[in-house]
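Along the sequence shown, residues are numbered consecutively beginning with 1.
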Amino acid sequence: MVWLAATVAFLALLAVGRRRGKPPEGIALSTYMALGIGLHNLGEGLAIGTAFALGEIALGSFLVLGFTLHNLTEGLGIVAPLLKDKLRWPTFLSLAALAGLPAVVGIWVGAFAFSPHWAALFLGIGAGAILQVMVEVGTYLQRRLSQPDGSGLSSLGIAGFTIGLIVMYGTAFLVKF
């Protein structure tokens, strides 16, 4: 069920994002990334809610902290395509809600109506959605690297990526022990 849900979510999001025959740009790209990250966050919320339902308050609290740090970097990725645009507060709040509110739904489902079947479905959707985000970010970076103004990867970008990996694996290591 996980593989099927992941494949359907990935292909559906990719089809919606590419319905005009080309990769999305600007606000459209940010919206699709927020949607994909939001579906991914549904699974994160499910993990938090399940930890609380099982009485693992310390684990649930640690997951909230870890996912908060993790999601801060996702928020930066969502707004990155809009750096040259004047971002208005309603747009910013809409993107934040699209990316963040599914985690709340996941927490409720995990805490009050947990089922292994729903968990497999939600985690599969989250996996497919984050794969779609990775594809969109990859194609966005490819387009940026090919621009003549040299606005591709920078040492600051590579440093940020490296720090992100260290934080990601560091928090995973702390959860393990």
*Applying side chain to side chain donor-acceptor pair (under 3.5 Å), name anything that partners Arg19, two or more places apart in sequence or on another chain.*
Tyr32
*Provide the closest heavy-atom pair for Met1 versus His117 in the form atom of the first, atom of the second, distance.*
SD-O, 3.5 Å
*Met33 with Val79, same ILVMFWY side-chain cluster at under 4.5 Å*: yes
_Check for me, please, whether Ile27 and Trp89 land in the same ILVMFWY cluster - side-chain distances under 4.5 Å, paths through other members count._
yes
*Is there a side-chain contact between Leu95 and Leu82 (heavy atoms, below 4.5 Å)?*
yes
*Of all heavy-atom pairs between Gly36 and Gln132, which one has the smallest distance, and what is that distance?*
CA-OE1, 4.0 Å
*Heavy atoms, side chains only, cut-off 4.5 Å: are Tyr140 and Pro81 in contact?*
yes
*How far does CG of Asp85 sit from OG1 of Thr91, to the nearest 0.5 angstrom?*
9.5 Å
_Heavy-atom pair of closest approach, residues Pro102 and Ala97_ = CD-O, 3.8 Å
*Phe62 CZ to Phe67 CZ distance, which is reported to the nearest 0.5 Å*: 10.5 Å
*Working to the nearest 0.5 Å, report the span between CD1 of Ile107 and CZ of Phe52.*
7.0 Å
_How long is the straight-line distance from CD1 of Ile78 back to CG of Leu98, given to the nearest 0.5 Å?_
7.5 Å
_Heavy-atom closest contact (Gly60 atom, Ile48 atom, distance)_ = O-CG2, 4.2 Å
*Considering residues at least two apart in sequence or located in another chain, which fulfil the ring-ring contact (aromatic ring centres under 6.0 Å, His included) criterion with Phe122?*
Trp118
*Would Tyr169 and Ile163 show up in the same hydrophobic cluster when neighbours are defined by side-chain heavy atoms closer than 4.5 Å?*
no
_How close do Ala129 and Ala9 get, counting heavy atoms only, and between which atoms?_
N-CB, 4.2 Å
*Can you tell me how far the CG atom of Leu121 sits from the CG atom of Leu46, to the nearest 0.5 Å?*
10.0 Å
*Same cluster for Leu14 and Leu131 if Ile/Leu/Val/Met/Phe/Trp/Tyr side chains link at under 4.5 Å?*
yes
*Check whether any side-chain heavy atom of Leu39 sits under 4.5 Å from a side-chain heavy atom of Leu13, and report yes or no.*
yes
*Any ion pair linking Glu136 and Arg18 (charged N to carboxylate O, less than 4.0 Å)?*
yes
_Value rounded to 0.5 Å, distance of CD1 in Ile125 from CD1 in Ile130_ = 13.5 Å
*Are Val135 and Val133 joined in one hydrophobic group, where the rule is that I, L, V, M, F, W and Y side chains link up if heavy atoms are under 4.5 Å apart?*
no
*Using side chain to side chain contact (heavy atoms under 4.5 Å, CB included) as the criterion, point out the one residue from Leu123, Val105, Val109 that pairs with Leu42.*
Val105
*Please name the pair of heavy atoms, one in Gly110 and one in Ala53, separated by the smallest distance, quoted to 0.1 Å.*
O-CB, 3.7 Å
